[in-house]
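What follows is a set of notes on a single structure, which appears directly below.
All of these numbers come straight from a predicted model, not from anything done at the bench. In what follows, chains are A, B, ... by sequence order, proteins preceding strands, each numbered from 1.
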Number of protein chains: 2
Amino acid sequence: MKEDQKIPNPVVRRLGLYYRCLNKLYDEGIEYVASKDIASRLGIKSSQIRKDLSYFGEFGKRGVGYNVENLIKKLETIIGVDKNWNVIIIGAGNIGSALVNYPGLKKEKFNIIGVFDADRSKVGKKIGKLTIQHISQLHEFAKKNIIEIAVIAVPENAAQMVTEELEKLGIKGIVNFAPVKLRTNIPVEEVDITLSFKTLAFKIGREGSR
Amino acid sequence: MKEDQKIPNPVVRRLGLYYRCLNKLYDEGIEYVASKDIASRLGIKSSQIRKDLSYFGEFGKRGVGYNVENLIKKLETIIGVDKNWNVIIIGAGNIGSALVNYPGLKKEKFNIIGVFDADRSKVGKKIGKLTIQHISQLHEFAKKNIIEIAVIAVPENAAQMVTEELEKLGIKGIVNFAPVKLRTNIPVEEVDITLSFKTLAFKIGREGSR
DNA sequence: CAATAATTGTGAACTTAGTCACAATTATTA
DNA sequence: TAATAATTGTGACTAAGTTCACAATTATTG
Ligand SMILES: NC(=O)c1ccc[n+]([C@@H]2O[C@H](COP(=O)([O-])OP(=O)(O)OC[C@H]3O[C@@H](n4cnc5c(N)ncnc54)[C@H](O)[C@@H]3O)[C@@H](O)[C@H]2O)c1
Ligand SMILES: NC(=O)c1ccc[n+]([C@@H]2O[C@H](COP(=O)([O-])OP(=O)(O)OC[C@H]3O[C@@H](n4cnc5c(N)ncnc54)[C@H](O)[C@@H]3O)[C@@H](O)[C@H]2O)c1
């Protein structure tokens, strides 16, 4: 293990995959697992898994494999899901509502604690247990609650403005669904759905010619 | 330009970004653009753009830049959005509905022509202009319509079964929202939203220690 | 308890992706 | 028309990421 290293992004994404896979194994009652088995479930090489984990320490037992429960706990700490994250959603439209209704996020320790929208006709309505608040109430809300992550689910043209507001409030990270590059120093994860469609179209177009 | 090459995935994704950026420039009435300008809008290096484009040909004019309208057309052909793609959605839940209601997909040439669900209480209801059909009707539907792309928006445990069904119907590509690795030979694009949250959590956790 | 089998952790080798730097080209200016 | 400025396209280089291959370790078997 090398200390204090910058961890490559692909490694980070795979850690999430390993975590998910290990939880399935745990639910299946499996106690020990070899990198080879995780690899075959995820369709990658076992050496990749071992190398990825080696950035953070030695978690396995030679000749045996990894203790599932133990490795889950280690990954929780590494990824940062050993604690709950407070999340707000900006934009109570299609995507915003889908996220609020999605139980998977809470299960993974991402707690949606507020939904905000600029459209006064939506304010006061409920999505699940949450009441949509007007965006002007965000500032007040941020004083009373620790918000760590914000989701941008507003139209493209509002995204940059919202980002700057969020930056002022001291939000620590953004998940952005708007198809636009945000100018900010906060860490941003882009979820670019139409880009995925286009990438797929490209691949399909090349299927024959390979 | 090198013929017949395998195009790296990151290049393909960026093509989509360039395409989007160029359309914005076009709407702004800009006729010619330099790689440097696109680069600064997207926060990447200009050499990256030129190298990416060079996989497919020479589209610029030295000393001048790229003709916006022309490059858009070239990218349309390269990516494959010079034609319309027929898309169906499997699973008329949160994500499925969000996609059907999203005008951006149609604008990018992805036409949703059908929505299917296993829940009979949803069948017959409308999302936008589309009526939710029962999944058992899919086979018949596929005989009457050319379906190129399917979106998997069903719960994790149904995703693999659905995939196998889609494979039988000869669908050419899948956009998968379920958090599970699909075993199939069809090209798949994964949209893994909780993974994005976890990646963000990791990054936030490291912000201080860098 | 020695031999065998399984499996990790990790440097080294390899492969893929990104950047640099500059000749070639085009347009503009004097 | 010669000099200047801007910008492309790309080969050479550098960096990042993946896979290999094997010593080290652990458990199991005869
Ligand atoms: N729906 C999809 O499937 C989909 C797919 C890909 C990308 N996206 C992107 O995700 C974003 C949201 O899409 P959607 O379909 O949910 O849109 P939507 O129109 O359903 O919802 C957007 C919401 O944001 C609100 N809003 C607008 N400006 C605001 C502001 N300044 N502050 C707070 N709220 C504001 C609107 O009132 C609306 O309720 C868009 O950028 C879209 O391009 C959506
Ligand atoms: N909603 C989100 O924000 C979100 C975020 C990340 C991932 N996802 C994933 O996307 C998928 C869909 O999520 P959702 O929130 O839309 O779920 P949902 O429960 O709202 O919708 C799923 C729909 O699929 C239908 N369905 C179940 N089995 C089916 C089958 N065999 N054939 C056809 N239809 C079937 C259900 O009747 C339901 O209508 C899930 O795998 C989920 O994990 C969703």
Side-chain angles (χ1 to χ4, degrees), chain A residues 1-18 21-22 25 30-68 70-71 74-75 78 199 202-203 206 210, chain B residues 1-18 21-22 25 30-68 70-71 74-75 78 199 202-203 206 210:
Chain A
M1 188 187 110
K2 295 160 193 164
E3 288 296 337
D4 261 350
Q5 267 203 282
K6 172 165 183 339
I7 309 298
N9 230 300
V11 173
V12 179
R13 272 192 92 79
R14 283 192 300 266
L15 291 179
L17 289 178
Y18 304 158
C21 182
L22 285 159
L25 289 163
I30 293 166
E31 227 175 312
Y32 274 88
V33 68
S35 58
K36 192 158 61 68
D37 302 330
I38 303 174
S40 82
R41 288 189 176 224
L42 298 176
I44 61 177
K45 292 260 155 78
S46 66
S47 57
Q48 179 83 81
I49 295 172
R50 297 198 302 277
K51 167 84 38 157
D52 287 350
L53 293 175
S54 79
Y55 282 100
F56 303 97
E58 306 189 6
F59 308 119
K61 209 185 258 184
R62 292 172 189 217
V64 182
Y66 301 88
N67 177 276
V68 174
N70 176 253
L71 187 52
K74 289 284 159 60
L75 282 176
I78 293 167
T199 307
F202 179 91
K203 284 187 190 168
R206 300 237 141 188
R210 275 190 306 102
Chain B
M1 186 187 110
K2 296 161 195 165
E3 290 294 338
D4 261 349
Q5 269 203 282
K6 170 162 185 343
I7 309 299
N9 230 302
V11 173
V12 178
R13 271 192 93 78
R14 282 192 301 266
L15 291 179
L17 289 178
Y18 304 158
C21 182
L22 285 159
L25 290 162
I30 294 166
E31 228 175 310
Y32 274 88
V33 68
S35 57
K36 192 158 61 67
D37 302 330
I38 303 174
S40 83
R41 287 189 177 224
L42 299 177
I44 60 176
K45 293 259 157 77
S46 67
S47 57
Q48 179 84 81
I49 295 172
R50 299 199 300 280
K51 165 100 357 156
D52 287 350
L53 293 175
S54 79
Y55 281 100
F56 303 98
E58 305 190 7
F59 308 118
K61 210 185 257 185
R62 290 170 190 223
V64 183
Y66 301 88
N67 177 276
V68 174
N70 176 253
L71 187 51
K74 289 284 160 59
L75 283 176
I78 293 167
T199 307
F202 180 91
K203 284 186 190 168
R206 300 237 142 187
R210 273 191 306 104

Flag side-chain contact, heavy atom, 4.5 Å: A:K74 against A:L53: no
5'-most by nearest nucleotide on DNA chain C - A:G57 or B:P8: A:G57
Minimum side-chain heavy-atom gap B:L42-B:I38 below 4.5 Å: yes
Student check: side-chain heavy atoms of B:T199 and A:R13 closer than 4.5 Å: yes
Interatomic distance where CD1 belongs to A:I49 and P belongs to C:dT8 [whole Å]: 9 Å
Side chains of B:Y18 and B:I44 in contact at under 4.5 Å (non-hydrogen atoms): yes
Atom-pair distance (OH on A:Y32; P on C:dT8), nearest Å: 12 Å
Letter per nucleotide, 5' to 3', of nucleotides 24-30 of chain C [B base touched, S only sugar-phosphate touched, - untouched; heavy atoms, 4.0 Å]: BBBS---
Sorted by number, the residues of residues 35-48 of chain B with heavy-atom contact under 4.0 Å to DNA chain C: B:K45, B:S47, B:Q48
Spacing between B:K74 atom NZ and D:dG9 atom P, to the nearest angstrom: 11 Å
Closest-nucleotide 5' rank along DNA chain D - winner of A:R50 and B:A34: B:A34
A:S54-A:R50 side chain donor-acceptor pair, cut-off 3.5 Å: no
A:Y55 and A:V11, any side-chain heavy atoms less than 4.5 Å apart: yes
Contact check, side chains of B:Y66 and B:L22, non-hydrogen atoms, under 4.5 Å: no
Interatomic distance, A:F56 CZ vs C:dG9 P [rounded to whole Å]: 14 Å
Heavy-atom side-chain contact between A:R14 and A:P10 under 4.5 Å: yes
Closest listed nucleotide, where the reference is the side chain of B:E58 and the choices are D:dG9, C:dA17, C:dT7: D:dG9
Atom-pair distance (CG on B:N9; C1' on D:dA16), nearest Å: 16 Å
Rounded distance (Å) that lies between atom P of D:dA16 and atom NZ of A:K51: 15 Å
Closest to side chain of A:R14, choosing from C:dG18, D:dT18, D:dA21: D:dT18
Distance in angstrom units between B:K6 NZ and C:dT15 C1', rounded: 12 Å
Euclidean distance, atom CZ of residue A:R13 to atom C1' of D:dT18 [Å, nearest integer]: 18 Å
Heavy-atom side-chain proximity of B:L25 to B:C21 below 4.5 angstrom: yes
